[in-house]
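Just so it is clear, the values below take in all heavy atoms, side chains as well, and ignore hydrogens, waters and symmetry mates.
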Amino acid sequence: MMEFVHKSVLFDEAVAALNLDVNKIVADGTAGGGGHSREIAKKADRLIAIDRDPDAIKVLEERLGDLPNVTIVNDKFSNIKEILRSTGVDKLDAFLLDLGVSSFQLDTAERGFSFHKDAPLDMRMSKKGMSAYDVVNTYSEYDLADILFKYGEEKFSRRIASNIVKARQDKPIETTFELVDIIKASYPQKAMRDSHPARKTFQAIRIEVNGELDELSGALDDAFDCLSSGGRIAIITFHSLEDRMVKEKFAQWSRGCTCPKEFPVCVCGNKPEGRAFKSVSPSEKELEENPRARSSRLRVFEKF
């Protein structure tokens with residue numbers, strides 16, 4: 001068996017939020033090493049375990065493949081409608097997303113996700129298509145700076161982008177540590193104390209390579225459409241951009257009336273489509289056991 005270790009963040013809270021029982025059909029859109037999926041499969045009638053990473057799929061087949069109520073699908077969770085059609089499922093009772101990069105992906109050096117390990121610049125969750133190497137070596141200085149600022153909220157984005165472009169004029173930037181050195185050289189000394197200077201840049205490039213925010217944006221409405229009445233969506237996010245998107249979408253579905261406040265009565269007729277009822281951060285105990293959980297948040301929505 002492949003060693004696919006991923007410590008599921010907010011594990012108990014996420015599984016409880018799905019409100020599982022033996023009659024329910026559930027999709028885990030980021031099944032990974034099967035942590036959440038294994039527990040869901042014990043309690044639900046049927047589980048569709050989805051992941052875009054072919055390494056994760058091999059592990060899921062080893063760990064869950066013999067369970068009769070589990071269907072394993074190698075695809076993006078944003079294709080949820082097509083996945084349900086192909087598996088003969090009409091409606092879901094629960095949909096789980098545990099976003100971001102898995103511990104397995106970070107800890108497998110050759111995948112190129114980690115700024116702590118020297119490896120070829122890659123960062124592709126699906127192991128195909130455009131890589132981090134392509135972004136770093138072909139994007140214009142303007143586009144690099146824009147991505148670092150937008151997806152990494154990196155305040156030194158322009159300086160880092162400028163130094164990347166200068167460095168690649170001599171030779172292509174091929175490894176994670178080559179990129180880390182350029183980022184460190186772009187940072188003022190006093191700013192190095194807060195956290196690792198490469199954290200935000202690596203996050204931004206990873207989001208760009210995998211189209212993570214576009215995928216999430218498209219998936220939210222489609223997942224909502226696939227939910228039965230009383231169905232729930234539980235999403236664990238790991239940075240403010242994802243969390244804001246989920247929070248705003250849940251608020252939109254919960255809002256109902258969109259009339260201006262000065263209108264004495266509602267004329268739009270819009271009714272709330274459900275309720276956002278839970279927002280949880282990790283406990284101190286969980287943070288001690290798993291420091292990677294520090295920025296995570298679980299949000300849960302129930303459809304009326």
Main-chain N/O of [Y] paired to [X] side chain as donor or acceptor, under 3.5 Å:
X    : Y    : result
N163 : I182 : no
E208 : A204 : no
S86  : I83  : yes
S217 : L213 : no
T176 : K117 : yes
Q105 : S102 : yes
E215 : G211 : no
N137 : I173 : yes
D122 : G112 : no
R52  : N74  : no

Does R85 come within less than 4.0 Å of E82, counting only side-chain N to carboxylate O? yes

How long is the span from the [atom1] atom in [X] to the [atom2] atom in [Y], to the nearest 0.5 Å?
X    : Y    : atom1 : atom2 : value
L220 : I233 : CG    : CD1   : 6.5 Å
D51  : D53  : CG    : CG    : 5.5 Å
L92  : L227 : CG    : CG    : 6.5 Å

Does a donor on one side chain and an acceptor on the other come within less than 3.5 Å for [X] and [Y]?
X    : Y    : answer
T71  : R46  : yes
D98  : T30  : no
S131 : D134 : yes
R275 : S254 : no

Looking only at the aromatic ring of each residue, does the gap between the centers of F156 and Y187 stay below 6.0 angstrom? yes

Counting only heavy atoms not in K171 (residues, nucleotides, ligands), do more than 12 fall under 6.0 Å from its NZ? yes

Hey, is NZ on K155 packed in by over 12 heavy atoms from elsewhere, all under 6.0 Å? no

Can you list, pair by pair, the side-chain donor-acceptor contacts under 3.5 Å of residues 11-26, counting residues two or more places apart and other chains?
residue	atom	partner	partner atom	Å
D21	OD1	N23	N	2.8
K24	NZ	N19	O	2.7

